[in-house]
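Have a look at the structure below before the remarks.
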Amino acid sequence: MGVQDESSSEDQGLGWGKSLPVESVQEIVRKDSRNIPHRYIREDADRPKDTDLYPLQLEIPIIDFSLLSSDENEREKLHQACKEWGFFQITNHGIAEDVLQRMKAAAAAFFELPPEEKKMYSMASNDLQGYGQAYVVSERQKLDWSDILFLMTLPIKDRKLNYWPTRVTDFMEAVDVYSTEINRVANELFANLSLMMSMGKETLQRLHGEMKQAIRLNYYPICSRPELVLGVSPHSDCSTMSLLLQDDEVSALQIQHEGHWVPIEPIPRALVVNVGDIFEAWTNGMYKSIEHRAITNKKKARMSIATFLLPDPEVEIGPLDEMVGDHQPRKYKKFKYLDYIRYTLDRKMEGKSHTQFMKLENE
Ligand SMILES: O=C(O)CCC(=O)C(=O)O
Ligand SMILES: [Fe+2]
């Protein structure tokens with residue numbers, strides 16, 4: 001681990017955005033498990049309702065990662081999953097069970113720390129990394145029923161170690177090994193998708209410039225009235241691609257599909273992968289980032305671990321030449337990733353409304 005230069009680590013992330021401080025939901029529940037402050041109670045239309053679920057039981061595609069390098073059909077399935085769903089699960093990704101368990105244990109150990117210790121890692125008023133909440137921009141907006149720890153993990157020079165919980169033995173090693181493995185899996189997915197888009201294997205990876213990786217540990221406490229709140233508001237990810245390690249037992253993640261919410265049932269050890277906004281822009285909308293949300297429940301707290309693959313902030317994003325033609329008019333602008341991330345982080349999450357930034361005026 002390189003010693004960080006204080007001044008440059010101060011600058012990293014500064015200027016990306018910030019979020020207003022809010023009370024920890026875990027603490028609210030610990031003090032009084034029946035208390036649901038007004039700021040968490042959604043307007044009626046936004047509450048999670050069974051009637052908004054897809055009328056049939058649907059399952060997002062499941063990709064056998066181990067077949068991708070040898071099986072054209074599996075690659076085609078991956079391509080179709082990105083086109084039709086924007087979400088899929090991968091099995092046989094080769095990340096050892098021990099690596100997944102270690103990562104989950106490190107996340108759990110962090111949220112189990114006493115409140116005053118967790119507060120040592122609180123987001124600063126001008127930063128996004130650390131313990132707190134994201135996308136809180138006004139005192140009036142509704143809040144998510146969750147606490148998060150957000151950290152830049154790769155490249156190593158982007159880490160702000162003051163937010164890394166040294167109180168949790170093994171935290172850094174667990175995140176290190178897990179992040180390296182996720183990076184391998186993500187690059188393999190990018191390589192296969194590059195091939196499916198008739199481009200050189202390295203193309204999608206190269207388009208990131210110096211690829212960045214961030215991790216978001218989400219902790220959703222139990223809620224005495226889950227029908228009134230949301231664990232995480234509907235949003236799409238402003239990444240190129242995201243990989244999520246979910247709880248093996250608690251079902252909570254839901255995605256938009258054909259105007260309805262489809263629950264994603266956990267498959268033990270599988271990763272849930274989704275297309276991010278930037279991938280949508282690169283492909284001129286052939287792949288779409290999909291709105292998703294998480295609900296809560298009365299019985300069991302849930303954790304999830306999201307990894308975001310991000311381009312270098314200075315990289316220019318826009319539809320790839322291969323994706324634009326006489327029959328495929330350009331739908332997205334050219335923009336600098338930094339401008340997009342700033343725009344996104346300056347507003348509350350509201351479905352895909354922030355993606356308007358990427359679109360050409362007439363779209
Ligand atoms: O907890 C989940 O299932 C979803 C988390 C998520 O969407 C995110 O962290 O961006
Ligand atoms: Fe997300």
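Basis for what follows: all heavy atoms, side chains included, without hydrogens, waters or symmetry-related copies. Order of appearance sets the numbers: ligands from 1, and atoms from 1 within every ligand.
Below 4.0 Å from some heavy atom of Y220 lie the following atoms of ligand 1, by number and element: 1 (O), 2 (C), 4 (C), 5 (C). Close approach of ligand 1 to H292 is summarised as follows: ligand atoms under 4.0 Å from at least one heavy atom of the residue are 7 (O). Set against the non-hydrogen atoms of A306, the atoms of ligand 1 under 4.0 Å away are 9 (O). Near N218, meaning under 4.0 Å from any of its heavy atoms, are these atoms of ligand 1: 5 (C), 9 (O). Residue-ligand proximity, R216 to ligand 1, at heavy-atom distances under 4.0 Å covers atoms 9 (O). Close approach of ligand 1 to F308 (heavy-atom distance below 4.0 Å) involves ligand atoms 9 (O), 10 (O).
For L244, every heavy-atom contact with ligand 1 shorter than 4.0 Å involves the side chain, none the backbone. When heavy-atom distances to ligand 1 are checked against a 4.0 Å cut-off, H235 comes that close only through its side chain, counted from C-beta outward. Contacts between D237 and ligand 1 below 4.0 angstrom, taking non-hydrogen atoms only, involve the side chain exclusively.
Protein heavy atom nearest atom 3 (O) of ligand 1, with residue, atom name and distance: R302 NH2, 2.8 Å.
Considering R42, H292, E350, E291 as possible partners of S233, the one that fulfils the side chain to side chain donor-acceptor pair (under 3.5 Å) test is R42.
Aromatic ring pairs are classed by plane angle as parallel below 30°, tilted from 30° to 60° and perpendicular above 60°; the pair Y340 and Y337 is tilted. Note on ring orientation: taking the six-membered ring where Trp is involved, the planes of F335 and F357 are perpendicular (angle over 60°, cut-offs 30° and 60°).
The two residues G231 and D144 have their closest heavy-atom pair at O-CB, 3.1 Å.
E112 contributes atom CD, which lies 12.5 Å from atom CD of E117 (distance to the nearest 0.5 angstrom).
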Let me see the working for K336 and D312 under salt bridge (charged side-chain N to carboxylate O under 4.0 Å, His left out), right down to the final yes or no.
-> CA-CA 9 Å; K336 195 159 87 167; D312 185 310; over 6 Å; no
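Here the angle centred on the Fe ion (ligand 2), running from NE2 of H235 over to NE2 of H292, is 90°, rounded to 10°.
A salt bridge between E72 and R75 is present, with a side-chain N of the basic residue lying under 4.0 Å from a carboxylate O of the acidic one.
Shortest distance from the Fe ion (ligand 2) to D237 is reached at OD1 (N/O/S atoms only).
Side-chain rings of H235 and Y135 stay apart, their centers remaining 6.0 Å or farther from each other.
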